[in-house]
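What follows is a short report on a single structure.
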Number of protein chains: 2
Amino acid sequence: MTRVLVIDDEAPILRALKINLTARQYEVSTAADGASGLAAMARDRPDVLILDLGLPDMDGTDVIRGVRGWTSTPIIVLSAWGQESQKVAALDAGADDYVTKPFGMNELLARLRAAVRRASPAPDEPVVTTGEFTVDLARKVVTRAGADVRLTPTEWQLLEVLVRNTGRLVTQRQLLAEVWGPGYQTEANYLRVYVANLRRKLEPDPSAPRYLLTEPGMGYRFRP
Amino acid sequence: MTRVLVIDDEAPILRALKINLTARQYEVSTAADGASGLAAMARDRPDVLILDLGLPDMDGTDVIRGVRGWTSTPIIVLSAWGQESQKVAALDAGADDYVTKPFGMNELLARLRAAVRRASPAPDEPVVTTGEFTVDLARKVVTRAGADVRLTPTEWQLLEVLVRNTGRLVTQRQLLAEVWGPGYQTEANYLRVYVANLRRKLEPDPSAPRYLLTEPGMGYRFRP
DNA sequence: ATGCGGCGTTAAGAAGCCATCAAGATCATT
DNA sequence: AATGATCTTGATGGCTTCTTAACGCCGCAT
């Protein structure tokens with residue numbers, strides 16, 4: 001189910017969105033100001049963010065930047081009519097789309113569908129195979145030598161980020177932000193511990209990794 | 001340079017867009033109806049499509065579907081104010097964004113930037129190839145003779161700056177400032193050491209460089 | 001010819017980063 | 001309340017990378 005976070009300080013709008021989106025099978029969480037919105041973003045990991053620019057505590061573009069600092073989750077911005085410079089600023093700060101109030105629910109829903117569709121370009125190969133093990137992203141199963149490998153939730157999240165970026169170098173900051181949350185970008189220790197766990201469970205020779213590679217000073221890379 | 005195709009049957013709008021976009025370093029091609037627009041799409045392979053829904057020969061959503069049949073190039077739709085059902089149909093047909101006429105040029109430009117940014121995570125061509133090696137900026141991979149070349153973080157940063165300025169001379173001050181920071185603009189020694197490292201890893205004959213060239217007294221240049 | 005400045009090369013110590021282990025803290029479940 | 005699994009945290013040793021300095025070469029101007 002698609003998860004949506006709505007950040008808006010106007011209770012009627014919040015309620016209307018929640019009712020309409022829930023009725024259409026979205027899973028909705030809400031926040032009423034920028035600070036708790038950013039916290040909810042980190043906690044709930046929604047698939048889309050709907051953000052009202054007129055928040056009481058923070059400037060809207062700062063919220064966008066706060067989100068963009070660690071994730072590329074689509075952001076749809078809501079704002080009053082006619083403030084073109086605000087539109088430009090929001091889009092340049094990293095928003096994906098812009099809806100002017102008052103808006104029709106159908107338009108918002110269409111933009112929501114478009115944003116979700118763009119964000120998941122192709123549910124391409126959900127199964128990745130190496131010479132040693134197989135990762136099924138959709139079913140959340142790892143197989144090695146015919147048997148299932150048991151991974152803890154954190155181990156799985158870490159492996160998933162690496163596999164979704166197969167061949168690409170993933171920086172430590174990015175891994176920490178995506179697995180532990182944006183507040184953990186300096187806890188490089190966690191990475192060492194959990195990469196070691198994964199290697200012990202997946203690599204033929206954990207001390208000479210062939211698939212989960214270290215790039216000293218930069219990050220890690222999954223190479224099938 | 002980013003290439004834009006504009007499909008619109010109103011000559012004044014076409015002209016205004018062409019002038020404004022060209023002035024901002026976009027490469028603009030145009031078409032005045034749906035059929036020739038689809039042909040231009042296939043011929044020019046633009047990076048973004050700006051499409052007016054009110055075309056004389058075809059329904060706008062059919063043009064969108066015709067494009068979406070074979071490419072995921074971002075589509076920004078232009079249309080008259082107030083026709084919400086049309087908006088919804090266009091977005092569901094696969095459009096990425098929607099601008100209502102009359103629109104401000106700044107807003108359109110912002111949406112254009114947002115569309116291009118979404119479409120290409122790395123703004124430029126992420127892969128550069130020479131006769132000897134290839135550099136993939138996005139994945140952070142350098143391949144030479146079929147094998148990956150391991151680079152240290154500093155080596156990467158240096159190579160990245162040079163490759164992002166392919167063909168251009170990059171001064172020593174600029175390199176030092178971008179790789180080591182603005183306080184290191186006199187430490188020309190670092191450059192010699194690290195350029196030598198890169199040459200040893202990348203050049204066929206490190207003592208007679210063909211790709212990482214020295215410009216005595218000025219700086220360095222990457223020539224593919 | 002000779003001195004000078006910029007460049008290439010090399011090597012060694014210093015600093016920072018990584019792998020590994022293990023023990024305490026936390027959480028879910030019974 | 002107890003148990004087992006999972007997560008966090010700290011410490012250690014080993015390794016990579018960065019920094020720094022020394023030396024030789026080449027081109028250029030005197």
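- Contact check, A:Gln172 against C:dC18: a side-chain N or O comes under 4.0 Å of OP1 or OP2.
- Side-chain nitrogen and oxygen atoms of A:Arg192 include none within less than 4.0 Å of the OP1 or OP2 phosphate oxygen of C:dC17.
- Interatomic distance, B:Lys87 NZ to A:Asn106 CG, rounded to the nearest 0.5 Å: 11.5 Å.
- OP1 or OP2 of D:dC18 has at least one side-chain nitrogen or oxygen of B:Tyr194 nearer than 4.0 Å.
- What separates CZ of B:Arg200 from P of C:dT9 is a distance of 8 Å, to the nearest Å.
- The environment of A:Arg210 atom CZ is sparse: at most 12 non-hydrogen atoms of other residues, nucleotides or ligands sit within 6.0 angstrom.
- The side chain of B:Ala196 has C:dT9 as its nearest neighbour among D:dT8, D:dT17, C:dT9.
- In this structure, the CG atom of A:Leu151 is 15 Å from the C1' atom of D:dC7, given to the nearest Å.
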Criterion side-chain contact (heavy atoms from CB on, under 4.5 Å) on B:Val128 and B:Thr134, from CA distance to verdict: CA-CA 6 Å; B:Val128 180; B:Thr134 70; over 6 Å; no
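- You'll find the ring centres of A:Trp180 and A:Tyr194 inside the 6.0 Å limit.
- Per the geometry, CZ belonging to B:Arg199 stands 7 Å off P belonging to C:dT9, to the nearest Å.
- Nucleic acid contact for A:Val195: none, since no nucleic acid atom lies under 4.0 Å from a heavy atom of the residue.
- Between B:Thr154 and D:dC18, a side-chain N or O to OP1/OP2 separation shorter than 4.0 Å is present.
- Following rounding to the nearest Å, A:Asn189 (CG) and C:dA19 (C1') show an atom-to-atom distance of 10 Å.
- Within the 4.0 Å cut-off from OP1 or OP2 of C:dG6, not a single side-chain nitrogen or oxygen of B:Tyr220 is found.
- B:Arg3 and B:Thr73 form no side-chain donor-acceptor contact under 3.5 Å, judged by distance and modelled atom types alone.
- Checking the phosphate oxygens (OP1, OP2) of D:dC18, a side-chain nitrogen or oxygen of B:Thr152 falls inside 4.0 Å.
- If you check D:dT17, C:dT9, C:dT20 against the side chain of A:Ser207, the one that comes closest is C:dT20.
- Contact annotation: B:Thr214 side-chain N/O to C:dC7 OP1/OP2 distance is not under 4.0 Å.
- At D:dT6, one or more side-chain N or O atoms of A:Arg150 fall inside 4.0 Å of OP1 or OP2 (strictly under the cut-off).
- In this entry the distance linking NZ of A:Lys201 with C1' of C:dT20 reads 16 Å, nearest Å.
- Here D:dT9 presents its P atom at 6 Å from CD of A:Glu187, a figure rounded to the nearest Å.
- Here D:dT9 presents its C1' atom at 13 Å from CH2 of A:Trp180, a figure rounded to the nearest Å.
- The side chain of A:Tyr190 contributes no N or O atom lying less than 4.0 Å from OP1 or OP2 of D:dG10.
- With rounding to whole Å, A:Leu198 atom CG is found 11 Å from D:dC7 atom P.
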